Amino acid sequence: MKTILRINAVKELTGLGRSSIYDKIKRNEFPPPILLGPRAVGWLFSDLDTWLNAQAASSPRHNAWRAAHASGEGLPVKKVVKGKA
């Protein structure tokens, strides 16, 4: 089953405003909506998920964070002493 999101849910998911979403669509930088009816559009969640993953993958800052956390570097470590929490 495919999940379709309306504009408010897309704004919430992406953190973008309505104008930014439509500007990015015009520049082919964001997935276009699908027509649901004469005056209604929606976005496939799978398209948005792909876009979000691509945004994260192209972010040097995000990649550095992922690399640090994948190796365990930079993670808080809680020392556990036997018999004490």
Side-chain angles (χ1 to χ4, degrees):
M1 182 167 89
K2 303 217 181 234
T3 301
I4 298 173
L5 302 177
R6 298 297 301 273
I7 188 68
N8 286 337
V10 174
K11 287 168 43 179
E12 179 85 19
L13 181 67
T14 63
L16 297 171
R18 187 185 197 303
S19 297
S20 295
I21 290 169
Y22 281 101
D23 285 344
K24 286 181 177 292
I25 291 169
K26 284 181 188 175
R27 295 190 311 260
N28 284 328
E29 296 174 1
F30 195 82
I34 59 173
L35 191 60
L36 301 176
R39 294 181 47 167
V41 296
W43 283 259
L44 291 173
F45 175 79
S46 57
D47 288 348
L48 297 173
D49 190 46
T50 299
W51 181 82
L52 287 167
N53 287 328
Q55 293 301 109
S58 67
S59 168
R61 196 167 164 188
H62 181 76
N63 288 332
W65 179 87
R66 283 185 59 110
H69 287 79
S71 67
E73 178 184 318
L75 291 174
V77 177
K78 182 179 178 185
K79 247 186 181 176
V80 178
V81 178
K82 197 170 188 174
K84 295 184 181 181

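Small disclaimer: the values here were computed from a predicted structure and weren't measured.
For the atom pair CH2 of W43 and CG of L5, the computed distance is 9.5 Å after rounding to the nearest 0.5 Å. Rounded to the nearest 0.5 Å, atoms CG (N28) and NZ (K26) are 12.5 Å apart. Separation of atoms CG (L13) and CG (N8) is listed at 12.5 Å; rounding is to 0.5 Å.
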Under the side chain to side chain contact (heavy atoms under 4.5 Å, CB included) criterion, do V41 and I34 qualify, and how do the steps go? CA-CA 6 Å; V41 296; I34 59 173; over 6 Å; no
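Crowding of R27 atom CZ: a count of heavy atoms from other residues, nucleotides or ligands under 6.0 Å exceeding 12.
Between R18 and K11, the shortest heavy-atom distance links the atoms N-CD, 3.9 Å. A pairwise comparison of heavy atoms in P33 and I25 identifies CD-CD1, 3.8 Å as the closest pair. Closest approach of A40 to R6, counting heavy atoms only: CB-NH2, 3.9 Å. W51 and E29 make their closest contact through NE1-O, 2.8 Å (heavy atoms, listed as atom of the first residue, atom of the second, distance).
A donor-acceptor pair is defined here as one N or O able to donate and one able to accept, closer than 3.5 Å; no such pair exists between the side chain of N63 and the backbone of S58.
Counting only heavy atoms from C-beta outward, the side chains of I7 and Y22 approach each other to under 4.5 Å.
Using a 4.5 Å cut-off between side-chain heavy atoms of Ile, Leu, Val, Met, Phe, Trp and Tyr, with links allowed through other members, L44 and F30 fall into different hydrophobic clusters.
Test D47, V10, D49, I21 against P31 for side-chain contact (heavy atoms from CB on, under 4.5 Å) and you get one pass: D47.
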